[in-house]
Amino acid sequence: MEHRGLDAYGYFEREGSLGRVQDEFRGLVAAVRGRTSEAYGRRLHSAYLYGSVPRGTARPGRSDLDLLLVLHHQPSDEDRDTAEVLARGLDEDFPEVDGVGILLQDKVTVLSETERFDLGWFLACLCTPLLGADLAEHLPRYRPDSLLARETNGDLAELLPAWRTRVREASTPQEYRTLCRVFSQHLVRTAFTLVMPRWGGWTSDLGESAEIFGRYYPERAARLRAAAALALDPVADPEVLRSYVEDLGPWLADEYTARHGTKTPRQG
């Protein structure tokens with residue numbers, strides 16, 4: 001039987017743990033803990049790992065490191081500058097990872113009603129506690145339903161104009177590869193959450209996500225499998241990007257809106 005990421009009651013199991021971190025990345029995780037605490041001090045409420053490193057699926061030298069830092073107050077320009085310096089230093093000092101990404105949020109926003117089924121779900125189900133008190137204790141249990149699908153990825157239509165601009169403005173192979181990885185990941189995850197309520201489970205594995213999607217949309221299955229592969233090994237091909245923003249992306253956005261509706265608008 002497939003493991004669908006749910007417990008016996010149909011709620012999400014939290015994916016990832018510090019115990020799953022591979023030996024190659026343990027020194028990095030220890031450095032993240034120490035440097036983050038030193039950089040933010042009392043401003044930091046809690047820190048979390050997410051992505052392939054806490055899932056134990058990271059590829060040395062090829063995977064990136066993803067961090068969520070929750071502050072007691074809304075992030076300031078100084079906080080964002082600190083995050084940039086922290087990320088750059090970790091990336092330079094640890095060749096085990098190819099890039100470090102840091103998300104900054106504040107405690108009030110994460111626990112807000114508006115973010116209950118987006119940021120709140122993300123922290124409670126996809127993030128592994130590293131420092132501080134775990135905010136998941138203040139959040140509900142989650143099921144793979146249409147409400148969650150809408151609030152997590154129901155904004156693709158709003159993103160596409162900015163994606164088209166980024167494609168037009170890109171000019172170097174590195175820029176094309178970066179966009180290819182980011183867009184591929186986002187499209188595969190959105191395609192999966194489109195069918196998530198019907199499948200009745202969760203996976204963060206992009207290949208598995210594409211295969212599950214293909215069961216419900218066989219005419220698009222090959223396209224999603226290709227996108228899942230490109231998310232791991234991106235190419236510097238502007239034609240791939242144009243196909244995303246002119247074909248796959250618009251189709252997926254329309255289908256998503258028809259099935260789940262659109263994400264609740266955020267202020268600002």
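Positions are given from 1 along the sequence.
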Minimum-distance pair of heavy atoms, taken over all atoms of [X] and [Y]:
X      : Y      : value
Gly16  : Thr128 : C-OG1, 3.3 Å
Asn153 : Arg189 : ND2-O, 3.8 Å
Leu139 : Ala124 : CD1-CB, 4.1 Å
Met196 : Asp145 : CE-O, 3.8 Å
Val70  : Asp106 : CG1-C, 3.7 Å
Pro197 : Ser146 : CG-N, 3.8 Å

Answer whether the closest heavy-atom distance between the side chains of [X] and [Y] falls below 4.5 Å.
X      : Y      : value
Leu241 : Leu179 : yes
Leu103 : Leu69  : no
Thr152 : Phe117 : no
Tyr216 : Leu194 : no
Trp121 : Pro140 : no
Cys127 : Leu49  : no
Arg143 : Leu148 : no
Phe192 : Val188 : no

Is it possible for you to say whether [X] and [Y] belong to one hydrophobic cluster, with membership spreading through side-chain heavy-atom contacts below 4.5 Å?
X      : Y      : value
Val110 : Phe12  : yes
Leu159 : Leu224 : yes
Val235 : Leu232 : no
Leu123 : Leu104 : no
Val97  : Ile102 : yes

Original post:
Hey, which of Thr193, Asp155, Thr190 is the one that makes side chain to side chain donor-acceptor pair (under 3.5 Å) with Tyr256?
Top reply: Thr193

**OP:** Applying side chain to side chain contact (heavy atoms under 4.5 Å, CB included), run through His45 and Leu71 and close with a yes or a no.
**Re:** CA-CA 5 Å; His45 175 276; Leu71 307 182; over 6 Å; no

By side chain to side chain contact (heavy atoms under 4.5 Å, CB included), which residues pair with [X], not counting sequence neighbours?
X      : answer
Arg26  : Val21, Asp23
Glu211 : Arg225
Gln174 : Thr172, Arg177, Thr178
Ser243 : Arg223

Subject >> Residues Leu119, Gln105; criterion side chain to side chain contact (heavy atoms under 4.5 Å, CB included); working and verdict >> reply: CA-CA 9 Å; Leu119 266 176; Gln105 291 293 340; 3.6 Å; yes

Flag the pair [X] / [Y] as yes when their ring centroid distance falls below 6.0 Å, and as no otherwise.
X      : Y      : value
Tyr142 : Tyr11  : no
Trp251 : Tyr217 : yes
Tyr50  : Phe122 : yes
Trp163 : Phe183 : yes

Going by an N to O cut-off under 4.0 Å, is there a salt bridge joining [X] and [Y]?
X      : Y      : result
Arg166 : Glu175 : no
Arg14  : Asp7   : no
Lys263 : Glu158 : no
Arg266 : Glu151 : yes
Arg88  : Asp91  : no

Original post:
Considering residues, nucleotides and ligands other than Glu219, do more than 12 of their heavy atoms fall under 6.0 Å from its CD?
Top reply: yes

Side-chain donor/acceptor of [X] to backbone N/O of [Y], under 3.5 Å:
X      : Y      : value
Thr57  : Val53  : no
Arg164 : Val245 : yes
Thr257 : Asp254 : no
Ser37  : Arg33  : no
Tyr48  : Leu126 : no

In Å, rounded to the nearest 0.5 Å, how long is the span from [atom1] of [X] to [atom2] of [Y]?
X      : Y      : atom1 : atom2 : result
Glu96  : Leu90  : CD    : CG    : 11.0 Å
Leu131 : Ser46  : CG    : OG    : 8.5 Å
Gln185 : Ser204 : CD    : OG    : 11.0 Å
Leu230 : Asp237 : CG    : CG    : 9.0 Å
Thr264 : Glu113 : OG1   : CD    : 10.0 Å

**OP:** Take Asp247 and Arg242, measure what salt bridge (Lys or Arg N to Asp or Glu O under 4.0 Å) needs, and give me the verdict at the end.
**Re:** CA-CA 8 Å; Asp247 176 32; Arg242 280 191 279 270; over 6 Å; no

Original post:
Arg35 and Glu38: salt bridge (Lys or Arg N to Asp or Glu O under 4.0 Å), yes or no, with the steps?
Top reply: CA-CA 5 Å; Arg35 294 188 190 187; Glu38 181 179 358; over 6 Å; no

Subject >> Distance-only polar pair, side chains of Glu115 and Thr109, donor-acceptor under 3.5 Å >> reply: no

Subject >> Ser52 side chain to Arg55 side chain, donor-acceptor N/O pair below 3.5 angstrom >> reply: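 Not at all, the side chains of Ser52 and Arg55 share no donor-acceptor pair under 3.5 Å.
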
Subject >> Derivation and outcome, ring-ring contact (aromatic ring centres under 6.0 Å, His included), residues Trp199 and Phe213 >> reply: CA-CA 9 Å; Trp199 184 61; Phe213 167 85; over 10 Å; no

Subject >> Set of side-chain hydrogen bond (donor to acceptor under 3.5 Å, both in side chains) partners for Asp79, sequence neighbours left out >> reply: Arg43, His73, Ser76

Subject >> Candidate pair Ser171 and Tyr176, rule side-chain hydrogen bond (donor to acceptor under 3.5 Å, both in side chains), full reasoning >> reply: CA-CA 7 Å; Ser171 59; Tyr176 287 134; over 6 Å; no

Original post:
Partners of Arg181 by salt bridge (charged side-chain N to carboxylate O under 4.0 Å, His left out), sequence neighbours excluded?
Top reply: none

